[in-house]
Every structure is written in C-alpha cells, then in structure tokens.
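Order of the sequence lines sets the chain letters (A, B, ...), proteins ahead of strands, with each chain counted from 1. Predicted model only: the values in this text are computed from it and were never measured.
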Amino acid sequence: MNSEISAQLTEAATLMLVGMGFVFAFLTLLIGGIKAIELFCLKFPSAQTAAPAQTRKTLPGNQPHKTDPATVAAISAAIHLHRQSTK
Amino acid sequence: MNSEISAQLTEAATLMLVGMGFVFAFLTLLIGGIKAIELFCLKFPSAQTAAPAQTRKTLPGNQPHKTDPATVAAISAAIHLHRQSTK
Amino acid sequence: MNSEISAQLTEAATLMLVGMGFVFAFLTLLIGGIKAIELFCLKFPSAQTAAPAQTRKTLPGNQPHKTDPATVAAISAAIHLHRQSTK
Amino acid sequence: MEKLVILWDSTALAHFHYQQVIMMAVGLLLLYLAIVKKFEPLLLLPIGFGAILTNIPLAGFSEAQGLLHYIYAVGIETGVFPLLIFMGVGAMTDFSALIANPRMLLLGAAAQFGIFATLFGAIALNFVPGFDFTLKDASAIAIIGGADGPTAIFLASRLAPDLLGAIAVAAYSYMALVPIIQPPIMKALTTPAQREIKMAQLRPVSAKEKIIFPLAVLMLTILFLPSATPLVGMFCFGNLMKECAVVERLSKTAQNELINIVTIFLGLAVGSKLSAEKFLSVETLGILGLGAIAFAIGTATGVLMARLMGRFSKTPINPLIGAAGVSAVPMAARVVNKVGLQANPHNFLLMHAMGPNVAGVLGSAVAAGVLLALVG
Amino acid sequence: MEKLVILWDSTALAHFHYQQVIMMAVGLLLLYLAIVKKFEPLLLLPIGFGAILTNIPLAGFSEAQGLLHYIYAVGIETGVFPLLIFMGVGAMTDFSALIANPRMLLLGAAAQFGIFATLFGAIALNFVPGFDFTLKDASAIAIIGGADGPTAIFLASRLAPDLLGAIAVAAYSYMALVPIIQPPIMKALTTPAQREIKMAQLRPVSAKEKIIFPLAVLMLTILFLPSATPLVGMFCFGNLMKECAVVERLSKTAQNELINIVTIFLGLAVGSKLSAEKFLSVETLGILGLGAIAFAIGTATGVLMARLMGRFSKTPINPLIGAAGVSAVPMAARVVNKVGLQANPHNFLLMHAMGPNVAGVLGSAVAAGVLLALVG
Amino acid sequence: MEKLVILWDSTALAHFHYQQVIMMAVGLLLLYLAIVKKFEPLLLLPIGFGAILTNIPLAGFSEAQGLLHYIYAVGIETGVFPLLIFMGVGAMTDFSALIANPRMLLLGAAAQFGIFATLFGAIALNFVPGFDFTLKDASAIAIIGGADGPTAIFLASRLAPDLLGAIAVAAYSYMALVPIIQPPIMKALTTPAQREIKMAQLRPVSAKEKIIFPLAVLMLTILFLPSATPLVGMFCFGNLMKECAVVERLSKTAQNELINIVTIFLGLAVGSKLSAEKFLSVETLGILGLGAIAFAIGTATGVLMARLMGRFSKTPINPLIGAAGVSAVPMAARVVNKVGLQANPHNFLLMHAMGPNVAGVLGSAVAAGVLLALVG
Ligand code: NA
Ligand code: NA
Ligand code: NA
C-alpha cells in the first residue's frame with residue numbers, strides 16, 4: 001500500500017518538475033513572441049489597423065448601435081423639461 | 001361502459017376533493033410562512049440587504065451597464081442642439 | 001466515360017431549362033400576388049394595422065424598452081452639466 | 001419533360017389532403033388573432049406559424065430530420081422549454097403585493113377549483129359518444145383552467161402529448177380572452193356596492209423579505225409536493241435571481257434574450273403539434289369547450305371566495321380581486337382594475353389584484369404538481 | 001525523463017502533416033481577409049478560426065467528443081443553424097422597395113441563371129481529368145451563384161457535405177468581392193447613357209401590405225415548391241415577426257442575440273470542414289473557379305434582363321439595378337448605387353436596387369428548392 | 001383516502017435521507033455566501049440552487065429525463081459550457097498590460113507552482129486513511145490552484161467527474177476569498193519598503209499588437225501543447241473577436257448574452273453534482289483543504305518570483321504584483337492594488353498587476369494542458 005503511494009508520489013514529483021518546467025519554458029517562449037510582435041509592429045505600422053474606426057460591416061442589419069428610440073424619446077423629454085424649467 | 005365511466009367519475013371526484021384540499025392546505029401554510037418571514041425580517045433587519053446598492057460584482061467585464069457610446073453621442077448632440085437653439 | 005458525362009450534361013442542361021423556367025414562373029406569379037395584395041389593401045384599408053402604435057402586450061415583463069436607468073442617469077448628468085455651463 | 005413531371009409531383013398541389021388545408025387555415029386564424037386582435041401574440045404568432053409549417057405536404061417539418069421535429073424533441077419532450085420560460089417569468093414577477101397581504105393566497109387557491117371541476121367535467125364528457133378521455137387526458141385538459149401557458153405545456157407534455165397542441169392553443173387563447181370572459185361573471189356575482197369597496201394601502205415590503213420568499217416557497221414545495229418542484233423550482237430560481245440583486249446580468253438575460261429565444265422555439269414546436277390527424281377531432285372541440293368552462297368556474301370561485309373572505313375580514317376586501325386568482329398575469333389584474341373603475345372611477349385595484357394574480361401562478365403550479373403526483 | 005518523452009510526443013511538432021500546415025495557412029489567410037480586408041468578417045473570422053482549430057494534430061476538435069464535432073452535428077448536419085440565420089435575416093429584411101415595384105422580381109429571377117449555368121459548367125468540368133462531380137456536387141457548387149451564405153450552407157449540407165467547407169468559403173469570399181467582380185461587368189454591358197437613367201420614386205407601402213407579403217410568399221412556396229419551405233418558411237417567419245409589430249421582443253432577439261450566437265457557431269462549424277483531406281484537392285480549385293463564374297454570369301444576366309425590361313417599360317429602368325439581383329444583400333445594391341453615381345453624381349439608385357436585391361434572396365431560395373426537389 | 005396515502009407517499013417528508021438535508025443546507029450556505037457575502041454570486045448562486053434542486057427526493061432533477069441531467073449531459077460532459085465561458089472571458093480580457101510588459105508572464109508561471117505542489121500534496125494525503133486519490137483525481141483537485149473556474153470545471157469533467165462539484169465549489173469559493181487569503185501572505189513575504197516600490201508607467205500598445213497576440217499564443221500552444229488548445233483556442237478566439245474590431249456584434253454577444261446563458265446553465269449543472277453520495281465524504285474535506293493550500297502556495301511563489309525578478313531588473317518591480325499571478329481576474333489585481341495603497345497611498349498598482357493577472361489565466365490553461373497530456 002504505502003509503497004504504491006510512494007510510487008505515486010515519485011510520479012507526482014516528476015509531474016511537478018516537468019510541469020513547472022514546461023509552464024516556465026512555454027511562457028518564456030511567449031515573452032520572446034511578444035517582443036517579436038512588438039518589433040514586427042514597429043517595422044510594419046499598418047495604416048489599416050491603426051484606424052479601426054473605418055470598420056464597415058456588410059451583413060444586413062449590421063448597423064452599429066442605432067440609438068434606441070426610447071433613448072431618443074427620453075432625451076427629447078429631458079431637453080423639453082429642461083427648456084421649460086429654464087424659461 | 002357507463003359503469004367504467006362512473007368509476008372514473010368517482011376517481012375524478014376524489015381527485016377534486018383531495019386536490020383542492022391540498023392546494024388550500026399548501027397555500028394556507030404559505031400564508032403562515034410569509035408571516036414568519038415578516039416577523040423574522042422585523043427581528044433581524046440586516047443592513048446588508050437593506051442596502052443592495054453596494055452590490056459589487058467580481059467577474060471580468062461584469063460592470064453594470066456602462067452607458068452606451070451611442071447614448072452618450074446622442075445626448076451630446078441633443079445638448080449641443082439645445083444650446084444652439086436657446087442662444 | 002465521356003458518354004456518361006454527356007448524359008450528365010444533358011441532364012444538367014434539362015435542369016437549367018426547367019430550373020430557370022420554374023424560377024421565372026414562380027417569381028412572375030409572385031408579381032401577380034403582390035399586385036393582388038396591393039389591390040386588397042386599397043379595398044380594405046384596415047384601421048387596426050394602420051395604427052400599430054396601439055400594440056399592447058400581455059406577457060408579464062413585456063413592457064417595450066423601458067429607458068435604461070444608466071441612460072436616465074447619463075441624461076440627468078448631461079442636463080445638470082448643461083444647466084451649470086449655461087448659467 | 002420527365003423533369004417537369006417530377007417537379008409537378010414535388011409540388012404540394014399533387015399531395016394536399018383537405019385536412020391539411022383546414023389546419024393551415026387554423027394556423028392563419030391564429031396569426032390573425034395574434035396580429036390583428038393582439039391575442040397573446042408572443043405565443044400565438046409562432047404557434048400559428050408552426051401550425052402552417054407542420055402541415056405542408058412533403059416538407060417534413062415534423063418528421064425525422066425536420067426542423068420542428070428537432071425543436072420539439074429537444075425542448076418539449078424533455079420539458080426544458082416550459083421550465084426555462086417559467087424561470088424567465090419568475091425573474092419578471094414581483095411578489096411584493098402578495099407578501100404585503102398574504103391572505104390573497106386563498107384567492108389564488110380558490111380559483112384553482114376551475115381546474116379540478118374541469119377534470120371532473122372532462123371525464124363526464126365521456127358519456128357523450130366520441131369522447132374517451134383517460135384520467136391523464138382529463139388532467140392535462142383541466143390545467144387550462146390554471147390560465148398559465150408554461151404550466152399547461154409542461155403538464156400536457158408529461159401526461160397527454162397528443163393533446164398538447166390543442167391544450168396550448170386553448171390556454172393561450174382563453175388567456176387572451178380574459179377581458180371578455182371575466183367581466184360578466186364578475187358583475188353577476190357581485191353587487192355594485194361591493195364593486196365600489198376601496199381597499200387599504202399595502203405596506204412596503206423589504207428587499208430581505210422578497211429574497212427569502214422564493215426560498216420559502218421552494219422549501220414548502222420540496223417538503224410537501226416534490227412533483228411540483230421542476231415548475232416551482234425554476235420559477236423560484238428566476239425570482240431569486242431577480243430579487244437578490246447580485247446577479248443582475250443573469251436576471252436580465254433570463255427575462256429578455258433567453259426567454260425570447262425559448263419563446264420562439266416553444267411556439268414553433270407547439271404549433272408543430274397542430275397536425276391534421278391530431279387536431280381535427282371531436283376531442284379538440286371538447287378541449288376548447290372545457291377550457292372555457294374552466295376559466296369561467298375559476299373566475300367565479302375566486303370572486304365567491306373573496307366575498308366570503310370579505311365577510312370575515314377586518315379590513316375591507318373588494319370581491320372583484322378574486323377574479324385575478326386564475327392568474328393570466330397581468331391581464332386578469334388589469335381586468336379587475338377596469339371593472340373596479342367602472343363601479344367607482346377613483347378606485348384603483350391594480351396593486352391589490354396583483355396579489356391574487358401571482359398567487360394564482362403558484363396555485364396552478366401546485367395543482368399541476370398534485371395532478372402529476374396522483375395521475376402521472 | 002520518460003515524462004519528457006511523453007510530453008514531446010504530445011506536442012504537435014512530432015505529428016504535423018504538411019497539409020495541416022497548409023490548411024492553417026488557409027485559416028490565417030481567411031482571418032487576414034476578414035480583419036484587414038474586411039471581407040464578410042462576421043463569417044470569415046469564425047470560419048478561419050475554425051479552420052485553424054480543426055487542423056491541430058492530436059487536439060481532436062472535429063473528432064468524437066471534440067467541440068467542433070458537437071457544434072457541427074447539432075447545427076449543420078441537422079440544417080438548424082442556416083435556417084435560424086435565415087430567420088434572423090428575414091427579420092432584418094425590408095421588402096418595401098420590392099412591394100412598391102414588384103417587377104423587380106424578374107431581375108431577381110434572371111440573376112439566378114448564374115446558378116444553373118454553373119451547374120452545367122461543373123458537370124462539363126468532368127471532362128477535365130481529376131474532376132468527378134456528381135449532379136449533387138454540381139448543384140451544391142452552383143448555388144454559390146445565389147450569393148447567399150445560409151442558402152449555400154443549407155443546400156451543401158443536404159447534397160454534398162464533403163464540399164461544404166469549400167462552398168461556404170467560396171460563397172462568402174465572392175460576396176465580399178462583389179465590389180470588385182461586378183463593376184466591370186456592369187459597365188461592359190451598359191452604355192454611359194443607360195447608366196445615367198433616373199428612376200421614378202417608389203410609392204409608399206402600407207404596413208398591411210408588408211404583413212401580408214411574407215404570408216403570400218410562403219403560400220406560393222407551399223403550393224408550388226414544398227422543398228423550398230424550410231428556407232423560405234423560416235425567412236418569412238422572421239420577416240413576419242418584424243413587420244407584424246406585435247412581437248417586437250422576439251423580432252429584436254432574432255435579429256440580434258440569436259443570429260449572433262448562431263453565427264459564431266455556424267462559422268466555427270463550417271471552418272471545421274476545412275480539413276486538409278477534404279479541402280486540399282483539385283476540386284476546391286474547381287469550386288473556386290466555378291463560383292467566380294457563377295457570380296459573373298448572374299451579374300450579367302441580371303443587367304441584360306434589366307435592359308430588356310427597360311425597352312418594354314413605360315417608366316425608365318436603369319439597367320445597373322439588374323446586377324443587384326444576385327442578392328449579396330446589401331453589398332450588391334451599394335455597388336449599383338456607386339456605379340450609378342459615377343455616371344451621374346445626382347442619381348441615387350440605392351432604394352431602387354434594394355428591390356432586385358431582396359428579390360435575389362427569394363430567387364436563390366427558390367432555385368435551391370428546385371435543386372433539392374430534382375437532385376436531392 | 002387512498003389518494004391521501006398516495007399523496008403523502010409522494011411528499012418528500014416520507015423519503016428524506018438526512019444526507020440530502022445536509023446537502024440542501026450546503027446549497028443554502030452557498031446562496032448565503034453569494035447573496036449576503038457577495039462571494040462570486042454569478043456562479044455560486046446557480047450552483048447553490050442546483051445543489052438544492054438535485055437533492056430533492058422523488059423530483060429526479062439529475063436522473064434520466066430530469067432537467068439538470070439534460071443540462072449536465074449537454075454542457076459539462078461534452079466540455080462545451082466551460083469552453084464557451086472561456087471564449088466569453090477571452091472577449092472580456094484586455095492583454096495590453098501584459099503586452100506592454102511581457103516579463104510579467106514569469107509571475108504567471110511562478111504562481112502555477114500552487115497547482116503542482118498541490119498535486120503532490122493530494123497524493124501525499126493518500127497516506128491518511130480514508131483518502132485514495134488517483135493521479136487523475138489529484139490533478140483535477142490541484143487545478144483549483146489555478147484560480148480559474150472554467151479551467152477547473154473543464155479539467156475535472158475530463159479527469160474526475162465525480163469530484164467536479166466539490167472542485168468547482170472550492171475553486172469559486174477561494175476565488176471569492178482571495179481578499180482574505182492573499183494579504184497576510186503578501187505582507188509576510190515582503191518588507192514595507194518593497195511594498196512601496198513605484199513601477200514605471202506602461203507603454204501604449206497598438207491595436208495591431210493586440211490582434212496578433214491571441215494568434216501568437218494559439219500558435220505556440222498548437223506547436224507545443226495541443227492538449228491545451230481547446231481551452232487556449234476558445235480563449236484566444238474570444239480575445240481575437242474583441243480586438244479585431246470588425247465583429248463587434250459577435251464579440252458583444254459572446255461577452256454578454258451568450259456567457260450569461262451559459263453561466264446560468266453551467267452553475268445549475270455544477271450544482272447538480274453536489275449530491276449527497278458524492279459530496280458528503282472525507283474527500284471533499286481534503287479537496288477544500290488542498291484548495292486553500294494551493295491558493296496560498298501560488299500566492300507565495302508569485303510574490304517570491306517577483307522579488308527575484310526585482311533583484312535582476314533594471315526597472316523597479318513591486319513584489320506585491322506577483323500575487324496577482326494566480327489569476328482570479330480581476331480580484332487578485334485589486335487586492336494587490338489595495339495592499340499597495342496601504343503601504344503607499346499614492347502607489348496605484350492596478351494596471352501593473354493586470355499583467356501577471358492575465359498571465360495567470362494563460363499559465364493555468366497551460367498547466368491544465370500539461371496535466372491532460374501527461375495524466376489524462
Ligand atoms: Na393559475
Ligand atoms: Na440570390
Ligand atoms: Na491561474
């Protein structure tokens with residue numbers, strides 16, 4: 001029984017080493033990746049992505065947020081009220 | 001045939017009595033329950049639930065309704081228009 | 001082999017004729033249908049559908065767009081700001 | 001040429017049965033009621049459309065691999081859709097009026113007599129040749145008297161799936177007809193003086209009470225009627241999400257997008273049960289008739305109970321509010337308010353009627369649980 | 001040490017096939033087109049991402065118990081997702097322009113010649129060694145000429161699931177390329193004078209007409225082409241929800257949250273069909289080529305039909321609007337407007353092009369129904 | 001009379017086991033924590049409610065044809081729900097802080113030691129009689145240290161479904177307890193002077209970098225750890241939808257309605273795993289204890305790594321931010337900010353802590369992938 005658990009413990013210890021090693025290796029690689037992206041973006045500063053405001057959408061009904069009629073109504077009412085109250 | 005229906009009718013009548021009895025019993029119990037809740041809440045008026053405005057949320061992105069940019073734009077436009085119209 | 005393809009080609013040609021014929025026939029029928037609808041609507045201009053603003057809804061919670069509290073807050077803030085700025 | 005023959009053979013013209021034409025007309029009638037008459041459009045429009053689709057020859061909407069078949073199998077056979085609707089309705093329901101005046105529960109209980117009387121009536125109808133309702137059928141039909149759509153669909157899917165289409169249509173139709181069915185009964189059973197009675201203002205209810213309430217209802221249901229816990233449980237879950245104020249995101253989604261999506265699918269799937277062979281029978285006429293009776297009886301017993309309670313109550317009770325006990329939220333409460341205003345233009349009964357109104361929802365869920373336990 | 005070996009063996013490095021690398025590059029290309037070139041990003045972004053995921057060695061996205069496998073089985077194999085998209089598109093579509101000028105339907109019909117000519121072309125391609133399209137394959141490919149994504153996916157899932165990935169990608173890519181494909185054809189087939197023609201203003205359309213229209217379309221489809229009723233039925237259901245004005249909740253959900261959710265899943269599932277073994281074949285090249293031809297022919301026949309109609313019409317017809325008959329809503333109509341403005345800076349054709357544009361949606365759904373009836 | 005006996009027999013009173021009562025009390029406790037203590041209410045409220053429902057005698061919520069059974073089978077057994085949540089979280093996550101200062105990834109790596117140390121601890125617990133965790137069990141428990149709900153649920157559903165309820169409850173509870181667990185450890189491992197360190201302002205990050213980032217993460221995962229691609233892939237998909245700015249509709253739906261719907265169902269389904277027979281065991285105590293240890297170790301190694309890095313860094317590093325490496329976004333970062341402000345009222349660490357915070361999400365997804373590859 002205990003020897004079995006000991007075997008498991010050994011395996012768990014190996015997992016711990018290999019696992020942490022892999023996590024560190026992977027995320028360290030990613031550090032390099034991010035730096036590479038930074039360099040790439042400095043070299044090729046694309047006009048397109050720099051101006052995402054031009055985004056057009058093509059599916060029917062894909063208009064970005066039309067202001068809600070209720071909102072407009074509320075605003076109109078508010079303005080109206082305000083106008084009267086400041087008379 | 002008819003005797004069979006009569007047997008069913010008897011069963012239906014029993015169901016009617018037992019069913020209505022149970023519904024009344026259950027909802028009467030619930031009246032007691034509600035009164036008990038009222039008493040409980042009078043005894044322990046918790047500050048926390050009394051001020052649910054403190055609600056904080058912890059998941060990322062769980063901000064309550066940020067005002068829509070379109071709303072803000074609409075308001076700005078409305079105010080602007082109003083300002084000009086009241087000059 | 002080629003004769004097989006030729007047979008397929010004949011079938012494809014038939015499909016083309018029958019298909020286009022059907023599409024034209026169907027949509028031409030629909031032209032008639034739309035004209036019939038127009039005549040029907042001219043003859044029976046129902047008051048009900050002409051005034052869809054009366055729409056009532058009956059499920060609980062089915063209120064059409066209540067103005068969002070955030071919207072209201074934003075408007076109040078805007079009005080308040082505006083009031084101060086025009087003093 | 002041959003292609004043209006195949007094409008002709010693949011038109012519906014060569015395959016229509018007259019019953020299918022009738023059922024499409026029924027579907028169009030439901031659309032008419034929904035769109036022009038504004039009868040419960042959120043449900044009757046998808047149901048009517050589903051009825052048209054399911055009766056198209058050759059299209060196979062409700063056969064294996066058909067769209068409506070899938071939707072029905074996933075959402076109705078499993079009972080999931082009505083339970084999700086109930087969750088959403090729970091998240092929309094405000095129990096304040098009931099908590100402030102819990103005796104209103106008795107009105108919600110009394111109005112359920114419509115259910116049980118109709119159960120008796122459905123069995124009695126078996127004396128008429130052509131009718132042969134089992135006790136399960138009768139129970140599923142009787143629940144129409146509960147005036148609650150998801151409860152009716154849930155119970156029918158469990159007890160009498162073949163009658164589901166007719167039952168759902170009857171339930172939603174009569175809920176829409178509440179403003180026509182109820183007022184004459186309410187006026188017949190009350191005197192003008194009684195209809196003018198003003199009721200005392202309701203006490204404010206704390207947030208804490210509203211949070212504990214759904215849990216208390218659930219606990220009682222668990223203890224005494226586990227068979228009702230799917231319905232009551234999901235209803236209370238929705239209500240707790242609303243009242244607890246810490247999961248506003250979830251509550252909003254449950255009462256908007258989620259319930260809307262499920263409503264579209266539920267309606268189409270219910271409509272798919274309006275197939276000619278199942279709907280065009282004398283039983284459907286029986287169901288429609290019994291449903292009307294159920295509503296009428298429920299209204300009457302609600303009003304009578306309110307009169308009885310008024311006699312023993314220290315604070316005055318306007319008997320009209322008993323009619324709201326059938327549920328049909330919030331239509332029945334509005335009808336009460338309207339009839340009350342006719343008697344006394346300054347007497348606003350809406351808030352007072354909301355108590356029995358939501359009590360009626362609980363009452364019919366409890367009744368459904370009783371029927372599931374004893375008949376299911 | 002042994003763990004390290006297992007870990008190495010469980011990296012993709014040890015298992016990559018070069019075809020998978022190519023398919024990932026295709027996925028990245030689609031992402032590039034979606035993000036940088038703004039080509040139909042709502043579909044091409046999820047499709048491209050799905051293509052990357054499905055080609056990861058060892059990850060098993062599209063194998064039993066894989067995420068994309070589940071999504072594909074639930075939504076595409078059943079046909080549910082494209083039908084729900086169609087419902088949402090129906091709820092977004094305004095038929096006013098078509099109802100005001102119903103003759104525009106003829107332009108929507110003419111543009112479908114792109115479909116049937118391509119069907120013929122796909123079979124003819126079998127003369128080229130390496131191609132062996134069945135009539136089902138050819139039909140599924142030809143529908144690309146319908147310029148309608150959900151219709152293409154629905155038909156391909158029914159007739160040629162193996163080609164679904166390539167067909168969907170071709171359909172959406174060419175829809176995005178409409179501003180590049182169409183103008184030269186439009187200009188080649190019209191004179192500058194014709195392009196300057198101003199059209200008469202459209203009459204206003206009543207709410208009642210807009211409500212009856214989808215029902216009439218459905219009825220005609222039921223009578224003459226039941227095989228098209230899944231597509232047309234759901235489209236009309238969406239449109240009826242929008243126009244009837246009594247179920248605004250449901251209509252809003254159908255055209256927003258529901259269609260968005262389904263679009264995410266549909267895109268990923270379509271992308272999962274871009275696996276190396278199915279996409280990297282000469283057939284894909286054939287599909288891409290045929291798709292371009294289909295678009296070009298559809299545009300041409302649309303414009304020619306408009307010229308023909310203009311000759312016999314009392315009111316003037318600008319032949320450019322014929323190009324909108326391929327559908328690709330609303331891109332094609334915008335292209336018409338732009339080319340029209342180039343000819344005459346005061347000639348706004350957008351509203352006039354919307355008629356043939358939505359007619360093209362109906363036209364290709366009808367064409368899909370014909371193909372399902374005769375080939376399916 | 002007989003009916004009354006049946007009715008009594010169909011009440012829960014006659015069938016309650018005391019364990020079910022205890023589990024309902026656990027459910028109520030979770031509701032209390034969610035509502036009154038505001039502990040991760042979005043998850044703990046549905047989990048608590050699901051725990052109550054699943055333990056109702058006779059109701060059969062988690063048996064064949066029960067609501068929770070269906071939800072669990074569809075969403076958790078398949079792994080679909082946690083992956084959709086991860087997609088939504090990806091669409092909510094802003095990686096700017098991490099891209100601006102990529103070394104923060106090392107903190108996210110260090111904090112994962114909590115996972116692997118706990119894996120060792122769980123096996124060591126087998127020396128205590130009553131515990132018998134397999135390596136799969138131990139891995140599923142250890143992932144609690146990742147402080148990431150969907151990752152924990154996904155891994156548990158793959159490796160140890162029987163422990164899923166306890167693991168999910170422990171994960172979310174400890175994530176809520178971060179403000180209590182972390183500060184003492186952070187203060188014990190740092191000097192007041194270190195806690196006052198101000199960090200240099202972060203450089204602005206371009207949109208292009210933010211778009212390429214999720215793709216780069218995905219590519220690395222594909223190359224080196226395919227078993228992590230379900231989690232990382234969906235996360236990066238969500239993030240790409242957000243950053244690419246061309247599919248705002250889809251991104252909004254993914255981070256609102258879709259994630260809300262899935263959260264409701266996920267919570268209920270996880271709660272359904274809190275059945276008496278599976279939860280009321282000594283193993284659950286072990287899981288709760290190990291989870292707390294995992295959080296504590298992760299916090300400690302994060303802080304220590306930050307101290308180490310500070311020693312070799314040219315720019316100053318406040319070691320507190322290491323604690324954010326456990327993820328628990330954004331709670332851990334807020335805790336860092338708060339403890340920082342206690343040391344120096346003008347030192348705002350929130351933005352600096354967001355880097356390790358989101359690095360921790362990636363770190364635990366990678367750790368989950370390693371465990372799946374080596375143990376699964
Ligand atoms: Na009721
Ligand atoms: Na088309
Ligand atoms: Na983590």
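- Using cut-offs of 30° and 60° on the angle between ring planes, the pair Phe224(D) and Phe26(B) is perpendicular.
- For Arg203(D) and Glu38(B), the salt-bridge test passes: some basic side-chain N is under 4.0 Å from an acidic carboxylate O.
- Looking at Phe133(D), only its backbone comes within 4.5 Å of chain B, counting heavy atoms on both sides.
- Comparing Leu98(D), Val370(D), Ile212(D), Ile99(D) by heavy-atom pairs within less than 4.5 Å of chain B, the highest count is held by Ile212(D).
- Aromatic ring centroids of Phe44(B) and Phe40(B) lie under 6.0 Å apart.
- Scanning both residues, Gly360(D) and Gln112(D), for their nearest heavy atoms gives O-NE2, 3.4 Å.
- To the nearest 0.5 Å, the span separating CG on Leu9(B) from CG on Asn126(D) amounts to 8.0 Å.
- Of the two parts of Ala110(D), the backbone and the side chain both hold a non-hydrogen atom closer than 4.5 Å to a non-hydrogen atom of chain B.
- The most heavy-atom pairs under 4.5 Å with chain D, out of Ala36(B), Ala25(B), Ala13(B), come from Ala13(B).
- Contacts between Ile34(B) and chain D at a heavy-atom distance below 4.5 Å involve the side chain alone, from C-beta outward.
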